[in-house]
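Just below is one structure, and these are the notes that go with it.
Below, chains carry the letters A, B, ... as their sequence lines are ordered, and counting in each starts from 1.
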There are 2 protein chains.
Amino acid sequence: MSTASGKKNQRTYRRVAQKMLKALDSGQFPAGARLPPERELSERYGVSRPTIREAIIALEVMGRVEVQTGSGVYALKSFQTKSDNPREYSPFEITEARVLIESEAAALAASTMTEAELTELEGALKEMIEENDSGNLTSEVADRKFHSVIAHSTQNRPLINVIQHLWDIQANLPEIKTAHQSVCRTDGSKRIEEHRAILNTLKDRDCHAARVAMRNHFSRSLDALHTTTEERAVEEVRRQLNERRERFSLSRIQYTSKPESI
Amino acid sequence: MSTASGKKNQRTYRRVAQKMLKALDSGQFPAGARLPPERELSERYGVSRPTIREAIIALEVMGRVEVQTGSGVYALKSFQTKSDNPREYSPFEITEARVLIESEAAALAASTMTEAELTELEGALKEMIEENDSGNLTSEVADRKFHSVIAHSTQNRPLINVIQHLWDIQANLPEIKTAHQSVCRTDGSKRIEEHRAILNTLKDRDCHAARVAMRNHFSRSLDALHTTTEERAVEEVRRQLNERRERFSLSRIQYTSKPESI
DNA sequence: TTTTAATAATTGGTAATACATATTGGTCAA
DNA sequence: TTGACCAATATGTATTACCAATTATTAAAA
């Protein structure tokens, strides 16, 4: 209850800092990104600029952001990725790790989720639907928000951090991105339905059903990943073929002046 | 900067917070003492009230002071900083995160484990038995090796990394250490049996049983943690009582010369 | 093309003010 | 004397408005 969100009598800077912390965790401001200027934040959160400054200082002391005078406030990475070489991970590994961990998080969240968080989830779902309708396929913010809210509802900070970390890694993998776009393009509505199913199990506080729903969701993601990886493989072969053909023709054209040396 | 007290180009709130930190460390404001009001501090340090507020918030986030609305700012004990420091996780959180993740890792390992890895596990178990017999209670190397082999057998590098990371964190928590020592001292053989049970389920390639066995193992760790935490709490109360008694006797001795004025 | 100066954007910091809450002290009645 | 209530005071909370200092961007000049 010490860290619970009894926001009524809490001081404003704490309330704001909590919200900004969630925004940071949800990937709204990835590491290195510049946050909006103080004045804009003060409008967004409906508080004065000094209060925003206080919240930013709190985040700064927590080591989550860095303030550069005259330039802006920048998000730092929250999870010290020591000798963690994210580039070496395959998208399948990441997804497998995520399915294991996030399914358990969902199961736990089924018993810890508050009404406010359920409302947040519905909001994220709504955003997802809007993104889907508007044809915005590149954005994953609503998706990430959805998963982030579930993670936060467990109130287990190491777990939140781990989930966030895995998302950060996968966000940098191009295969994941194309797979995500592909699944949005071909089965957008189905994907929405999966998220809604998860939401419903959480509403019912059915931890077993939540685990299953989350697993189903990921298993579809994994399928999409397999499919697009296959497509990419075919595409790659074709590209290499074309490249070879082009180089061959180029070499013939330039042969009289200078041979290619690469 | 035109101000004479130019300490590099650091921001004012940091400069002030450093000074106040020094004052706290020097015992100028012992634990529980009330700091001067904001208005007075702003005069003393020659800065405006908002800046003083910023410095106080920094100290608050660092867990050095506590602010009570309408009453004042109070110094806290420099060690008892568990309020909101996100870097420091509670041992319960860590253990909860581990039980979720490592149980799934065990379930996965049940199908991926090789014969060589099973042999390694048996070796780790043997080491654990030897450690237990020799009365070496502080070492956790065999325990860690056991869990590490299971993690590695999943061949999922992100998962391995996460498990490693959580172990690194918990290894630095004193509560975990004492709990581990306690469980080794009181129920060493039972702990060995739990590990053997996990090993057996992996030999049988029974992923469900592996998950359950791992959960059981952790649930016992959690119990031990609860117990030792309780013991520590009792110890703390006893210590404080003794401290008070000592102080009381001192005041009686000094009463003839000077009455205590607190 | 590179360098430099002007301009805009952004954080840094202060002052004055109003408000909310906790503490204090005093009055009055039982 | 004791207890309860109430008003005054002290203290933190938060806002608005303003200007200064620093950095980033752009345009002009060499």
Self-check item: Backbone of A:M113 reached by a side-chain donor or acceptor of A:R205 within 3.5 Å
Solution: yes
Practice problem: Only one of A:K145, A:Q164, A:R144 passes side chain to side chain contact (heavy atoms under 4.5 Å, CB included) with A:D25; say which it is. | Solution: A:Q164
Self-check item: Members of residues 43-52 of chain A that approach DNA chain C, where some heavy atom sits under 4.0 Å away
Solution: A:R49
Quiz prompt | Those residues that, when tested against B:R44, pass salt bridge (charged side-chain N to carboxylate O under 4.0 Å, His left out) (two or more places apart) | solution = B:E40
Quiz item: Taking for each residue the nucleotide of DNA chain D bearing the nearest heavy atom, is the 5' side occupied by A:E54 or by A:Q68?
Solution: A:E54
Exercise. Establish, with yes or no, whether the OP1 or OP2 oxygen of D:dT13 is under 4.0 angstrom from a side-chain nitrogen or oxygen of B:R53.
Key: yes
Self-check item: B:Y74: ring pair (Phe, Tyr, Trp, His ring centres under 6.0 Å) partners, not counting sequence neighbours
Solution: none
Quiz item: Parallel, tilted or perpendicular: which describes the rings of A:H147 and A:F218, with under 30° parallel and over 60° perpendicular?
Solution: perpendicular
Quiz item: Is there a side-chain contact between A:L121 and A:L125, using heavy atoms and a 4.5 Å cut-off?
Solution: no
Exercise. May I have the distance from A:I56 (atom CD1) to C:dT10 (atom P), rounded to whole angstrom?
Key: 13 Å
Quiz item: When the distance from CD of B:E40 to P of D:dG12 is rounded to whole Å, what number comes out?
Solution: 10 Å
Quiz item: In whole angstrom, what separates A:R14's CZ from D:dA14's C1'?
Solution: 17 Å
Quiz item: Which residues pass the salt bridge (charged side-chain N to carboxylate O under 4.0 Å, His left out) test with A:R98, sequence neighbours left out?
Solution: A:E102
Practice problem: State which residues pass salt bridge (charged side-chain N to carboxylate O under 4.0 Å, His left out) with B:E43; sequence neighbours excluded, sorted by chain then number. | Solution: none
Can you pull every protein N or O that's under 3.5 Å from an N or O on nucleotides 7-11 of chain D?
unit_1 : atom_1 : unit_2 : atom_2 : d
D:dT11 : OP1    : B:R34  : NH2    : 3.0

